[in-house]
Amino acid sequence: MTGDGRVTVSEFRLLGPVTVCDTAGGIIAPSGPKQRALLATLVLHAGQLLSVDRLVEELWGSAPPANASNALQAHVARLRRLLPAPGHEWISTLPTGYLLAPGRASTDVARFTRLSGQGRAALPHDPGQAAQLLQRALSLWRGPALQDSRHGPLCTTEADRLEEQRLTALEALYEASLQCGRSTGITAGLERLSADHPLRERFYDLLMLALYRGGRQAEALGVYERARRHLITTLGIEPGPALRARLEAILNHCPTLTPPPHQTPPPSLHQHPSPTARSHPSGPPRPPGPARSRGDRTDLMTSPAPACTADPPALTGPTSPASPSSPAASAPSAGLMGHGTSAGLMDPWASVGVPAGSPGGAGMVAPAVGAGCSDLTGSAGPTGSAGLTDLGGSAGFADPAGVAGSADLAGELARLRARIEELARDQQDLFRRIQREQAVR
């Protein structure tokens with residue numbers, strides 16, 4: 001509030017639906033998409049003059065109304081009535097356009113940029129602190145940036161830029177967690193991220209490392225194989241150097257893949273709201289509280305909303321559940337043993353919970369890999385990879401209690417066996433390719 005107790009704007013929120021937070025803890029929501037787009041555009045360019053032509057293009061594109069200037073003026077007038085302004089004029093009319101003066105009001109975009117930058121800076125020397133800062137930054141997201149407000153080029157470009165920053169912060173958050181020795185609780189989140197962003201290689205790099213540290217080597221190799229297939233099918237290219245190096249390190253059981261000693265574990269990774277309709281890694285944000293309308297202004301009672309005047313506390317929510325897997329899939333893999341010609345055997349049935357020695361479960365000999373190891377635990381790989389499914393997690397046994405009769409059970413087992421044999425062929429193809437590449441070297 002102001003010195004005399006009057007309510008004013010404290011923060012403009014753009015990381016989700018475009019809203020305004022006032023000093024009394026209320027949320028002001030513009031009533032229509034044009035109003036939200038206009039407010040978002042003015043806030044994104046706060047302190048800058050925006051011409052009438054640019055604003056008309058932002059709101060109506062190539063099909064403006066006949067009286068576009070008058071329509072824009074009407075929208076500006078509604079916004080002025082919407083924003084509490086004791087002693088402050090938020091939107092100024094100038095001869096060639098409009099300008100928003102932010103005064104002492106902040107934006108959630110500025111807070112996110114500050115916290116995520118601090119988190120990335122702390123990552124090399126204090127991954128635990130980095131994880132806390134990055135979680136606080138990501139907790140500010142309530143949905144897609146500029147949700148329902150991306151009508152023109154200005155808001156669309158800014159929303160794309162903010163989404164890229166969000167994904168970069170997520171990559172840094174999972175890297176910090178891995179550097180602190182956490183791997184078992186993050187694979188489910190990385191699986192969802194890699195599925196939602198199939199051309200970001202970094203998510204698959206981190207997922208392979210997390211699976212390997214969790215004793216799920218076969219699944220880590222499957223991640224690489226499916227990433228490679230997707231890249232070749234979609235873009236006609238092979239995985240980048242970072243992902244190929246991760247593959248060789250896993251095949252060699254490189255010592256640098258083990259977590260650094262004596263690191264303080266970060267708090268459990270919170271499931272941040274997804275800015276996409278697919279909602280990864282968690283469900284949609286909570287709906288706002290009950291609203292009371294007053295003309296064009298809607299004050300949302302903000303008991304569930306975070307305070308606008310201070311950074312949210314570090315999140316310590318429940319650990320993300322790992323993807324369901326069989327005991328054999330979660331145990332250390334038996335095959336793919338290091339250097340030399342006497343490579344170990346890997347039973348493809350073991351990766352999906354079928355006892356070793358079952359029919360069709362013949363092992364495969366891993367190739368001899370002689371590549372040297374480098375420190376891959378924190379290297380940031382290039383973006384550009386693909387969506388995958390695991391070797392072990394995609395085929396599971398049906399609950400015998402839910403199978404009607406022995407005939408149904410036999411059919412289910414036959415389908416599972418066919419799937420496992422297909423996975424075994426995929427692994428053999430991968431090993432043959434690795435052998436050919438080494439022969440070329």
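- At distances below 3.5 Å, not a single donor-acceptor pair connects side-chain atoms of R54 with backbone N or O atoms of G97.
- Checked for salt-bridge contact, R150 and E158 miss the test: no charged N lies under 4.0 Å from a carboxylate O.
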Please set out all donor-acceptor pairs under 3.5 angstrom arising from side-chain atoms of residues 57-67, sequence neighbours excluded.
from	atom 1	to	atom 2	distance (Å)
E58	OE1	L154	N	2.8
E58	OE2	G152	N	3.4
E58	OE2	C155	N	2.9

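- The closest donor-acceptor contact from the side chain of T233 to the backbone of H230 lies at 3.5 Å or more, if one exists at all.
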Apply side chain to side chain contact (heavy atoms under 4.5 Å, CB included) to H197 and F203, showing your working. CA-CA 8 Å; H197 304 280; F203 285 135; 4.3 Å; yes
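- Residue pairs meeting the side-chain hydrogen bond (donor to acceptor under 3.5 Å, both in side chains) criterion with at least one partner in residues 89-105, sequence neighbours excluded, are R80-T93.
- The line from OH of Y174 to CG of L206 is 9.5 Å long, rounded to the nearest 0.5 Å.
- Pairing each heavy atom of A145 with each of A159, the nearest pair is O-CB, 3.8 Å.
- Checking side-chain atoms of S194 against main-chain N and O of E191 turns up a donor-acceptor pair under 3.5 Å.
- Of all the heavy atoms in L209 and L178, the pair that sits closest is CD2-CD1, 3.9 Å.
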Where do L72 and L38 land on the side chain to side chain contact (heavy atoms under 4.5 Å, CB included) test, with the steps shown first? CA-CA 9 Å; L72 176 62; L38 176 59; 4.1 Å; yes
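- A salt bridge links R200 with E164: the closest approach of a Lys/Arg side-chain nitrogen to an acidic carboxylate oxygen falls below 4.0 angstrom.
- Checking side-chain atoms of R78 against main-chain N and O of Q35 turns up no donor-acceptor pair under 3.5 Å.
- Judged by distance alone, the side chains of S177 and R182 do bring a donor and an acceptor atom under 3.5 Å apart.
- Between the CG atom of L39 and the CG atom of L83 there is a distance of 6.5 Å, given to the nearest 0.5 Å.
- Counting all heavy atoms, side chain and backbone alike, S183 lies closest to R213 at OG-CB, 3.7 Å.
- Remark: the backbone N or O of P239 is paired with a side-chain donor or acceptor of R244 at under 3.5 angstrom.
- The side-chain contact (heavy atoms from CB on, under 4.5 Å) search around Q129 returns D126, Q132, L133, not counting sequence neighbours.
- Residues A176 and A130 approach most closely at CB-CB, 4.4 Å, considering heavy atoms.
- Side-chain atoms of S116 never come within 3.5 Å of backbone atoms of L134 as a donor-acceptor pair (strictly under, hydrogens ignored).
- A salt bridge links E11 with R13: the closest approach of a Lys/Arg side-chain nitrogen to an acidic carboxylate oxygen falls below 4.0 angstrom.
- To the nearest 0.5 Å, atom SG of residue C21 and atom CD1 of residue I28 are 8.5 Å apart.
- Under the 3.5 Å distance criterion, the side-chain polar atoms of N252 are left unmatched by any main-chain donor or acceptor of C254.
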Between R228 and R433, is the side chain to side chain contact (heavy atoms under 4.5 Å, CB included) condition met? List the steps. CA-CA 12 Å; R228 179 180 179 275; R433 275 195 298 274; 3.3 Å; yes
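- Listed here is the closest heavy atom pair of Y212 and A220: N-CB, 4.2 Å.
- A donor-acceptor pair is defined here as one N or O able to donate and one able to accept, closer than 3.5 Å; such a pair exists between the side chain of S139 and the backbone of R136.
- Here the closest non-hydrogen pair linking P84 and V7 is CB-O, 3.5 Å.
- Using a 4.0 Å cut-off between charged side-chain N and carboxylate O, E225 and R229 make a salt bridge.
- Distance check: L207 CG to I186 CD1 gives 8.5 Å after rounding to the nearest 0.5 Å.
- Look at E163 and R166 and you find a salt bridge, because one of the NZ, NE, NH1 or NH2 atoms lies within 4.0 Å of a carboxylate O, short of that distance.
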From CA spacing to verdict: side chain to side chain contact (heavy atoms under 4.5 Å, CB included), Y224, L430: CA-CA 9 Å; Y224 177 87; L430 174 61; 4.2 Å; yes
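- Note: D22 CG to I27 CD1 = 7.5 Å, rounded to the nearest 0.5 Å.
- Without hydrogens or angle criteria, D108 side chain to L14 main chain gives a donor-acceptor distance under 3.5 Å.
- In this structure, L100 CG and L49 CG are separated by 12.0 Å, a value rounded to the nearest 0.5 Å.
- The backbone N or O of E201 lies less than 3.5 Å from no partner atom in the side chain of D205, so there is not a single donor-acceptor pair.
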